[in-house]
Every structure is written in C-alpha cells, then in structure tokens.
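First comes the structure, then the notes that go with it.
Every chain is numbered from 1, with letters handed out A, B, ... down the list of sequences.
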Number of protein chains: 2
Amino acid sequence: MDPYSDAQRPLYEVKANLFKGLAHPLRVRVLEVLSASPSVSVADLLADTGLEASHLSQHLSVLRRHNLVTAERRASQVFYRLAYPEVAELLSVARALLVRVLETTHSQLVSTVTLPFAADLATSEDPEMIR
Amino acid sequence: MDPYSDAQRPLYEVKANLFKGLAHPLRVRVLEVLSASPSVSVADLLADTGLEASHLSQHLSVLRRHNLVTAERRASQVFYRLAYPEVAELLSVARALLVRVLETTHSQLVSTVTLPFAADLATSEDPEMIR
DNA sequence: CTCCGACTTGATGGATGCATCACACCATGG
DNA sequence: CCATGGTGTGATGCATCCATCAAGTCGGAG
C-alpha cells in the first residue's frame with residue numbers, strides 16, 4: 001500500500017481498505033494464529049489451515065500488502081508475525097462485538113421460539129423498530 | 001444474518017463476514033457519522049455522503065443485515081443509529097492501528113527520501129525482513 | 001381518495017476478489 | 001553443478017460486490 005496515498009485519502013477510505021484486507025476467513029484465521037505466537041512458520045500455517053501452499057501464499061501476500069504481517073526468511077523457511085500488536089487488539093474488539101451481537105440476536109430468537117405469544121411481545125416492544 | 005448459523009460457524013468466519021460488512025468507504029463513513037450522534041436521519045446521511053438515495057439505501061441495508069445499525073421510522077422519516085456501542089470502539093481501534101501503520105511506514109519512507117545513504121541504512125537494519 | 005416527499009427494493013452490467021493450477025525463485029545438500 | 005524442499009507469483013474462470021436506474025412502499029397533507 002502506498003503510504004503517501006493513504007496519508008492523503010480520507011480516513012474512512014483507508015479504514016475500509018483495512019477491513020477489505022481482513023474480509024476473508026482464512027486471513028482472519030492466520031492473524032489469530034499469529035496473535036497467539038510471536039512468530040509462525042509458513043509450514044505451521046499450512047498445517048493449521050489445511051491449505052495448499054500457493055493458496056496460503058496468495059492470502060499471506062494480501063496480509064503483507066496491507067501491512068498487517070511481516071515475513072522473515074530463515075534459511076529455507078519463512079516466518080510470519082503480526083506487524084503491529086494493534087492487529088490483535090482489533091481482532092479482540094471484533095470478537096467482543098460479535099459476542100454482543102450473538103447474545104442479543106440469539107436471546108431474541110430464543111424468546112420468540114419458546115414463548116407462545118412471544119412473537120407478539122417482541123413486536124410490541126418497539127413497534128417503530130425496523131430490523 | 002442468521003444467528004443460528006453464526007453461532008455454529010467458526011469465529012474466524014463470522015469475523016471475516018463482519019469485516020466484509022465494513023469493507024466499503026461509504027459504510028465506514030456512515031458508521032463514523034452514527035458514532036458521533038445518537039441518531040441520524042437518512043436525509044442527514046444523504047447530505048453528508050452526497051449519495052443518491054437509492055445508493056445510500058443499499059449500503060444501509062448491508063449495515064442492517066450485519067446487525068451494525070438499527071433503523072427507526074418516525075412519520076415519513078427514518079432514523080439510524082449504531083446497534084451497539086462496540087461498533088464505535090472497533091472503528092476507534094482500527095483508526096489507532098492505521099495511525100500506527102502510517103507513522104511507521106511514513107517515517108521509513110521519509111528517512112529513505114531525505115537521507116542520501118538512508119536507503120542503505122534502511123536495508124541493513126534488518127536484512128532478513130521481507131516487506 | 002390522490003399526490004408527493006422520503007426511503008426501500010429489485011435488476012443488471014461492470015469491477016473486484018477467490019480458488020486453483022502451472023511455473024518461478026530461494027536455500028541447501030549431495 | 002543438479003535435485004529437492006519450501007515458498008511466492010502469474011494467469012484465469014467463477015463468485016461476489018458495487019453503482020446505477022427503475023419501480024415499489026410508507027406516511028402525511030390536501
């Protein structure tokens with residue numbers, strides 16, 4: 001990513017671009033693994049994800065391009081780590097949000113399912129609320 | 001989003017899906033505006049973003065579907081707000097990460113540009129580091 | 001009731017991302 | 001030097017997302 005152009009674009013565009021880099025399950029998985037270890041070899045990531053080497057490499061390339069990870073070659077092996085500890089923080093906050101979402105929507109769904117008139121109650125709680 | 005299927009999918013998939021919902025500049029912009037106000041009318045969002053109504057509506061639909069915002073109709077107007085305060089927190093942490101990235105990459109670029117031998121120095125700092 | 005402003009939904013062409021296979025590059029041992 | 005293990009890059013068909021226009025729905029005033 002060109003640091004000059006990032007510095008000159010609106011922050012919401014730069015943020016959206018960051019989220020694009022994060023918007024694939026396997027890339028999130030890789031970052032989670034890297035959050036749990038200081039440094040991980042590509043071989044270990046291959047074992048963890050079950051991906052073919054070139055497939056993982058493509059995803060790692062995206063992560064590198066977004067400055068989310070750094071790569072270090074040691075002999076014939078390459079090791080990856082998070083480029084910044086803030087990446088782990090971001091994943092952690094995302095998790096907290098999802099837990100919250102899940103608690104809320106799941107409890108609503110459960111109450112709808114288990115109570116015979118719950119559908120009516122749920123509707124009358126906030127009749128103006130469009131979901 | 002189906003709460004049951006989210007509860008049953010791996011967390012990294014659910015996270016990635018969340019990031020997909022965030023992966024467009026205008027959706028980030030909307031969330032930022034909503035982070036700054038308790039409740040914002042669609043008309044205000046239209047004015048802020050400069051979008052055509054149907055275009056904004058499509059993006060708002062994505063945000064609703066991802067449980068990031070809630071909508072409330074009052075007479076002929078609709079008002080939006082963040083579904084959870086954690087959404088603002090996530091944007092804030094993303095910002096902190098980007099600031100960090102920008103500081104780091106920008107200072108590297110500046111040192112490369114301003115010092116005649118800086119390119120050599122930057123290279124020898126960590127010769128094993130692949131960027 | 002009709003009309004109109006506000007907003008949403010549907011359809012679609014073009015842009016971008018993903019998965020896969022072939023090939024390239026690097027490091028090391030024989 | 002060649003062979004091999006480890007990893008990265010390029011090309012491409014298919015899937016998904018984005019932007020845009022047309023049409024639909026809701027609420028309220030006359």
Side-chain angles (χ1 to χ4, degrees), chain A residues 1 12-13 15-31 33-34 39-66 68-81 123 126-131, chain B residues 1 12-13 15-31 33-34 39-66 68-81 127-131:
Chain A
M1 315 310 301
Y12 59 87
E13 278 187 23
K15 279 184 190 171
N17 189 59
L18 166 66
F19 292 129
K20 275 181 194 165
L22 295 165
H24 188 283
L26 287 172
R27 293 203 288 277
V28 173
R29 179 65 194 150
V30 167
L31 292 175
V33 172
L34 295 188
S39 181
V40 184
S41 70
V42 171
D44 285 340
L45 290 172
L46 286 171
D48 183 272
T49 60
L51 283 183
E52 189 215 332
S54 68
H55 192 183
L56 176 61
S57 201
Q58 295 265 29
H59 282 302
L60 290 174
S61 172
V62 172
L63 293 174
R64 289 200 310 272
R65 202 177 68 231
H66 282 82
L68 295 171
V69 298
T70 55
E72 176 178 11
R73 180 177 281 272
R74 289 189 221 132
S76 68
Q77 296 200 308
V78 179
F79 290 79
Y80 277 77
R81 58 185 152 192
T123 304
D126 198 344
E128 301 273 334
M129 188 66 68
I130 303 168
R131 259 287 163 77
Chain B
M1 317 310 303
Y12 59 86
E13 279 186 23
K15 279 184 190 172
N17 189 59
L18 165 65
F19 292 130
K20 276 182 194 166
L22 296 166
H24 188 284
L26 288 172
R27 294 205 287 278
V28 174
R29 178 65 193 149
V30 167
L31 292 174
V33 172
L34 297 187
S39 182
V40 183
S41 70
V42 172
D44 285 341
L45 289 174
L46 286 172
D48 183 273
T49 60
L51 284 185
E52 188 216 332
S54 67
H55 191 182
L56 176 62
S57 201
Q58 295 265 24
H59 283 302
L60 290 174
S61 173
V62 172
L63 293 174
R64 288 199 309 274
R65 202 176 68 233
H66 282 82
L68 295 171
V69 298
T70 56
E72 176 179 12
R73 180 177 280 273
R74 287 188 223 131
S76 68
Q77 296 201 309
V78 179
F79 290 78
Y80 277 78
R81 57 186 152 193
E128 300 272 337
M129 187 67 69
I130 302 169
R131 260 283 162 82

In whole angstroms, how far is the [atom2] atom of [N] from the [atom1] atom of [X]?
X	N	atom1	atom2	result
B:Leu51	D:dC18	CG	C1'	12 Å
B:Arg73	C:dC7	CZ	C1'	6 Å
B:Arg74	C:dA6	CZ	C1'	15 Å
A:Gln77	D:dG5	CD	P	14 Å
B:Lys20	D:dC18	NZ	P	11 Å
A:Leu63	D:dT7	CG	P	16 Å
B:Phe19	C:dG17	CZ	P	17 Å

How are the rings of A:His59 and A:His24 set relative to one another: parallel (under 30°), tilted (30 to 60°) or perpendicular (over 60°)? tilted
Grab the N/O contacts between the protein and nucleotides 19-21 of chain C below 3.5 Å, and write none if there aren't any.
| residue | atom | partner | partner atom | Å |
| --- | --- | --- | --- | --- |
| C:dA19 | OP1 | A:His24 | NE2 | 3.4 |
| C:dA19 | OP2 | A:His24 | NE2 | 2.8 |
| C:dA19 | OP2 | A:His55 | NE2 | 3.1 |
| C:dA19 | OP2 | A:His59 | NE2 | 3.3 |
| C:dT20 | O4 | A:Gln58 | NE2 | 2.9 |
| C:dC21 | N4 | A:Ser54 | OG | 2.9 |

Minimum side-chain heavy-atom gap [X]-[Y] below 4.5 Å:
X	Y	answer
B:Leu56	B:Val30	yes
A:Leu18	A:His66	no
B:Leu22	B:Leu31	yes

Kindly say if A:Arg65 contacts the phosphate of D:dG8, meaning a side-chain N or O under 4.0 Å from OP1 or OP2. no
If you compare every side-chain N and O of B:Ser76 against the phosphate oxygens of C:dA6 (OP1, OP2), does one of them come in below 4.0 Å? no
Touch check for A:Tyr80, heavy atoms < 4.0 angstrom, all strands: base, sugar-phosphate only, or nothing?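 If one applies the 4.0 Å heavy-atom cut-off, A:Tyr80 turns out to touch the sugar-phosphate alone, with no base involved.
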